[in-house]
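Below is one structure, written out as structure tokens, with a few remarks after it.
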Amino acid sequence: MTRDLEEFRIISLPEEAFYIADFISEREEEHLLQKLNCSHFYVLYSAWRSVLDASAPPPPSCITISLWLTHPQIVSAPLPRWTHLSHRRLQSWPSALTKTNTLLESPLPPWLKSPIVEPKFEELGIFKNAPHGAPNHVLINEYTPGQGIMPHEDGAAYHPLVATVSLGSPIVLDLYEKSRQDEPNAECENPTGRKPQFRILQERRSLLVTRGRLYTDFLHGIAEIDRDEDLEPHSICNWSLLRGEDVSHKNSYARGTRTSLTYRDVLKVAKMGNTAKFLGGK
Ligand SMILES: O=C(O)CCC(=O)C(=O)O
Ligand SMILES: [Fe+2]
């Protein structure tokens, strides 16, 4: 079945943003949260691929099991997958970009692809006009109450499109127009001293797609607070598209731990054979 992204457009925003409540099911959310905190087997799989070649099949489970028996420290070692930043934790899949904003070609792990990319993004044609026709990179952020991310732009490393799946708890994303950056504003609400121009409430299990001018001409950020307040139709621009459970009859909620999966298309991709060049070699 193909669905039309147009029905989910946030009409009060400049081009372009779309919001889909209940994009994934409760079971899918639970599975993703569990995978995020237990990725041992994918590390084995990646190691297997790089030792052999990129087209090698994943290791048969008997090899994984025998490795577990002979080298339990490798299989069950805690993985350095989360990078701890001062105001959030971060995972980069399949890896972080190089200093030249290049992605070393490697597939996304199956649990990040299915069912989000295949079939859900495909049905909506979300990445159909992106250079690689599909996301090739996912940044995963985790925020506990009181944590956030300073207003920023995602920059030229990516095609100007981000598709964000939210897990765990709702959170408000603030948008600021870059060209109005120097305007004085008496009502300072964040460290940059500006009040957001638009606020998008992202419920758990929802999808938010931002692209085009909204990507290039706006900064986005999440305030470092433990309650999101002033939740009303006039202040939340995707109000009519919300599922509403977290905000109905309330003007605020206490934040819980919220995780975002941000799917992107990195423009520069290095094939494995050229890896040395992109890592800084001649
Ligand atoms: O968590 C979010 O929704 C935003 C994350 C973000 O802006 C980023 O990773 O660049
Ligand atoms: Fe961002």
Side-chain angles (χ1 to χ4, degrees), residues 10 13 16-21 23-24 29 32-33 36 81-97 101 103 108 112 116 121 126 130 135-178 181 190-192 194 196-226 228 236-238 241-242 246 253 255-267:
I10 307 178
L13 285 180
E16 306 183 286
F18 304 87
Y19 179 83
I20 306 183
F23 183 68
I24 58 168
E29 177 189 43
L32 283 161
L33 285 170
L36 277 174
R81 210 60 236 203
W82 284 110
T83 302
H84 289 260
L85 307 176
S86 53
H87 299 281
R88 67 197 152 101
R89 303 202 283 180
L90 177 71
Q91 290 189 17
S92 304
W93 290 91
S95 59
L97 303 187
N101 280 338
L103 176 69
L108 288 173
L112 278 175
I116 292 181
F121 285 179
I126 292 178
N136 56 14
H137 199 229
V138 185
L139 288 181
I140 301 176
N141 296 283
E142 184 195 81
Y143 311 84
T144 52
Q147 295 191 317
I149 185 166
M150 289 283 285
H152 66 282
E153 55 186 316
D154 288 348
Y158 303 102
H159 174 67
L161 161 65
V162 180
T164 303
V165 176
S166 291
L167 310 176
S169 180
I171 214 160
V172 170
L173 183 79
D174 298 323
L175 298 172
Y176 307 83
E177 193 162 6
K178 280 184 343 190
Q181 221 158 337
N190 69 52
T192 65
R194 296 177 67 204
Q197 242 157 296
F198 298 108
R199 298 169 74 219
I200 302 175
L201 176 53
Q202 291 175 269
E203 297 162 297
R204 64 190 293 181
R205 299 189 290 280
S206 69
L207 173 73
L208 173 68
V209 178
T210 51
R211 67 184 192 197
R213 193 165 100 68
L214 203 59
Y215 182 100
T216 52
D217 297 358
F218 282 78
L219 304 177
H220 55 278
I222 292 172
E224 289 169 6
I225 51 183
D226 50 26
D228 279 311
I236 296 293
C237 61
N238 57 324
L241 295 165
L242 293 175
D246 301 304
Y253 58 76
R255 283 196 192 159
T257 298
R258 183 261 186 173
T259 304
S260 61
L261 313 182
T262 65
Y263 286 80
R264 304 135 187 273
D265 184 1
V266 179
L267 300 176

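What you see is a predicted model, and the numbers here were worked out from it, not measured in a lab. Below, each value reflects all heavy atoms present in this structure, side chains not excepted, and no hydrogens, waters or symmetry copies. One-based numbering, in listed order, for ligands and for the atoms of each. We're numbering straight along the sequence, starting at 1.
Residues Ile200 and Leu13 come closest through the heavy atom pair CD1-CD1, 3.8 Å.
Annotation: side chain of Asp154 is in contact with side chain of His220 (closest heavy-atom distance under 4.5 Å).
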Please tabulate, one line per pair, the protein nitrogen or oxygen atoms found under 3.5 angstrom from a nitrogen or oxygen of ligand 1, with distances to 0.1 Å, or say none if there are no such pairs.
residue, atom, partner, partner atom, Å
ligand 1, 1 (O), Tyr143, OH, 2.6
ligand 1, 1 (O), Arg258, NH1, 2.8
ligand 1, 1 (O), Ser260, OG, 2.7
ligand 1, 3 (O), Arg258, NH1, 3.1
ligand 1, 3 (O), Arg258, NH2, 3.1
ligand 1, 7 (O), His152, NE2, 3.1
ligand 1, 7 (O), His220, NE2, 2.9
ligand 1, 9 (O), Asn141, ND2, 2.9
ligand 1, 9 (O), Arg264, NH2, 3.3
ligand 1, 10 (O), His152, NE2, 3.1
ligand 1, 10 (O), Asp154, OD1, 3.1
ligand 1, 10 (O), Arg264, NH2, 3.2

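Checked options Leu261, Ile126, Val138; the residue passing with Ile116 is Leu261 (criterion: side chain to side chain contact (heavy atoms under 4.5 Å, CB included)). The one candidate from Leu112, Leu90, Leu32 that meets the side chain to side chain contact (heavy atoms under 4.5 Å, CB included) condition with Ile140 is Leu112. Between Glu142 and the options Gln147, Arg89, Arg88, a side-chain hydrogen bond (donor to acceptor under 3.5 Å, both in side chains) holds for only Arg89.
The NE2 atom of His220 and the NE2 atom of His152 subtend an angle of 90° at the Fe ion (ligand 2), given to the nearest 10 degrees.
Between Arg213 and Glu177 there is a salt bridge, since a side-chain N of the basic residue sits under 4.0 Å from a carboxylate O of the acidic one.
Classified by interplanar angle (parallel below 30°, tilted 30° to 60°, perpendicular above 60°), the ring pair Tyr263/Phe121 is perpendicular.
When distances to the Fe ion (ligand 2) are checked against a cut-off of 2.8 Å, Asp154 contributes an N, O or S atom below that limit.
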